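What follows is one structure encoded as structure tokens, with my remarks underneath.
If you're wondering where the values come from, they're calculated on a predicted model, not measured in any experiment.
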Amino acid sequence: MEKELREVIPEALIIGAGIAGMQAALDIADKGFKVHLVEKDPSVGGHMAQLDKTFPTLDCSACIITPKMVDTANHPNINLLTYSEVIDIKGEVGDFRVTIRKKPRYVDTTKCTACADCVAQCPVSLPNEFDMGLGRRKAIYIPFPQAVPLKYTIDRRGIPPCTATCPLHCNAQGYVALISQGKFKEALALVREKLPFPGILAYVCSHPCETECKRIEEDRPISICDLKRFLVDHVEEPEFQFAPPQEKDRKVAIIGSGPSGLTAAYDLRKMGYRVTLFESRSEIGGLLTHGFPPYRLPSKIVEKDLSVIHRMGIEIRPNTEVGREISAKALYQSFDAIFIAVGMAGAERIAPIFEGLKLTRRGTIKVNPLSLETGVRGIFAGGDSVTGPGTIVESMAHGRKAAISIDRFLRGEDLMQGRESEGRQRSPFASSLPDSKRMQREALPDMVKPLGPGLTPEEAMEEAKRCLNCGGCSDCGECARYCQPKAIVYGMKEETIELRVGAIILATGFDPFDPRQKPEFGYGIYPNVLHGLELERLCSASGPTKGEILIQGKKPKEVVFIHCVGSRDKTAGNEYCSRVCCMYTAKQAHLLRDKIPDAQITVLYMDVRAFGKGFEEFYERVQRERIVYRRGNPSEVYRRNGKLVVRGEDTLLGEAFELEADLVVLASGLIPRKEENFLKELLPLEKSPDRFYAGAPGLDPILSGVEGILLAGCCQGPKDIPDTVAQASGAAALACALLAKGKVRSS
């Protein structure tokens, strides 16, 4: 039976915008076909953009690739989708249906002018991935100066452990980051966004944030509570001014003015409700005023924090015991909702007053744990009267939860929907440190011992700088404050894009081999052991050292290169040759000789494979530059008397050797990208024995095992830049031939 003819969608999809993806996109677009170019990073360019020079001609890598990047972004037939990932592919040759997830940049690219005003204000410093972690960048960043598109991206990784574990979700990372930059007023303002009574919590919070601080993996947690106390004690604030939103005609009664009741009153008043506090004592505060000694919680701190309750227009009725001075019936008649926060001791006394209010076996008020609603409609309860004896911050969190529930109740909304994120949460960055080590490092709260003198401004800044900023952007809002075009959009959402294309080209590139898998070489242990791509960034004028070769602030005098790290190595699972390592090592040795003329440079090799055009001549040129090539099999790298020592066997002389070095460079090989496993299963495509994409049977490395899906560049196997470009143009030619057919037969 003859197969049915089907129309070919005259558009192509290219996954990966390195040199291969850009070359293929430009070739197809120049033929008049529409191209969708998808790149997971914020900028196109791939690994080639990280290089300083290219071998064997020593041309500037940026000079070659930057024009292609600009042409790719400006071509009318190329739809550039950066910071995006393919999540689904269905269909067959001629009509693939592709789903793409476009990640939010949190920056409006139509407004961003790349002026960098935001960068100067951002307090968060993170390792720069483009510089292989050797340099630093801000949480709002452009990957490198020639990036395309030249638009900023905010690195928001998720909620950090300190914020997640705080019952009130105080933005600890945010105010710690601001303190590290000396922005004390801004830090205290950020604290006040979530904490109605920051002074009280600075002195008596049980600081659960510190017990989950990821810094504990390295030494000890950040002293978050001490930093908060520093803000409260040292930062002068303007007098509290309250401007309520539109006044609501609904009234709420709060019974009990401890931490939970006060927080509920504060939040409900900010929502515009008319709030009345009923307190059986002569003053508000509950445990805050009579439960702590003054040397632990100074009365002036309590008075300052609780003064906001008076200034907000909240009605306070002291010496008023519900059930005696005012009845439950009177409360029902006068108020639209009631919140009970009478503490553990008052639960049994208050229960009989409200008919239908039930107690648990522990003598606490029975409520819905998510909404805090009791069995009586319109009555809510929280704090110690529900949980039993708890911490101040947990009681305040109950007051906030109750305020949200009461607001929903009065507006007739669902009390339960979407409330899973309230209270303590588990952060994706939480430490996995064993409990035995955690107990040795964490400082447990002491609510009885008198407090010390506190931190000075200098000590506070130094302590804050210890923060790892594990959540990326701290959401401090500084970049938005200083952005003139108003391009910062914190509420930006992820987008899903649906495309139909006739052909797909995979140009996803490679990852450098991680030398940590060869622990004998000391990578990740000694800071002066680098791999090849890291040295490229040191050599580059746009790198972290502006092109100077500096290791811990000094120029190395003795340098040893080690070939074939992660290539031709059965123990690492990579039996193949990565093809480029010999030549990029020769190039880097040449660059080092140029930048440090008196350096002693030794290259330890097993074999030198200089098979490309001009490669052998370049290799011989490098040898004539006083660079020693020694055929050796290195066994380990260790430190002795402050210097690295490379121990190995000279395989020509058959004897052991030791070389001292200030810098060891590992010629790490090329491996498939870790993201490839998802695509290989999605399409599905076969793997070759080296785990790269397998070409179709025969002699054509461009064709994959799936009709209509083509391969370009290092995703098919290790290769140098000229071979990558040639294969990309070949893939583009085959894609154009398919798109120009108009119709194909169904498979």
Side-chain donor-acceptor contacts of residues 249-259 below 3.5 Å, not counting sequence neighbours, with atom names and distances?
from: Ser257; atom 1: OG; to: Glu279; atom 2: OE1; distance (Å): 2.6
from: Ser257; atom 1: OG; to: Gly285; atom 2: N; distance (Å): 3.2

Under 3.5 Å donor-acceptor pairs involving side-chain atoms of residues 304-314, not counting sequence neighbours:
from: Asp305; atom 1: OD2; to: Gly199; atom 2: N; distance (Å): 2.8
from: Asp305; atom 1: OD2; to: Ile200; atom 2: N; distance (Å): 2.8
from: Ser307; atom 1: OG; to: Lys304; atom 2: O; distance (Å): 2.6

Salt bridge (charged side-chain N to carboxylate O under 4.0 Å, His left out) for Lys103 and Glu85? Distances and angles first, verdict last.
CA-CA 8 Å; Lys103 296 176 285 187; Glu85 295 177 340; 3.7 Å; yes

Using the rule given for salt bridge (charged side-chain N to carboxylate O under 4.0 Å, His left out), can you reason through Arg349 versus Glu321, listing the C-alpha separation, both sets of side-chain angles and the distance that settles it, and then say yes or no?
CA-CA 11 Å; Arg349 184 191 61 79; Glu321 185 174 331; 3.3 Å; yes

Take Tyr273 and Asp336, measure what side-chain hydrogen bond (donor to acceptor under 3.5 Å, both in side chains) needs, and give me the verdict at the end.
CA-CA 10 Å; Tyr273 293 103; Asp336 301 290; over 6 Å; no

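The shortest side-chain heavy-atom distance between Pro161 and Cys470 falls under the 4.5 Å cut-off.
Side chain of Glu210 to backbone of Cys225: a donor-acceptor contact under 3.5 angstrom is found. Remark: side-chain polar atoms of Arg324 are not paired, donor with acceptor, to backbone N or O of Thr320 under 3.5 angstrom. Judged by distance alone, the side chain of Arg408 and the main-chain N or O of Asp414 form a donor-acceptor pair under 3.5 Å.
With hydrogens and angles left out, the side-chain atoms of Tyr106 and Asp155 include no donor and acceptor closer than 3.5 Å.
Under a 4.0 Å N-O distance rule, the pair Glu495/Lys493 does not qualify as a salt bridge.
Residue pairs that meet the side-chain hydrogen bond (donor to acceptor under 3.5 Å, both in side chains) test with at least one member in residues 177-186, sequence neighbours left out, are Gln121-Lys183, Lys183-Glu478.
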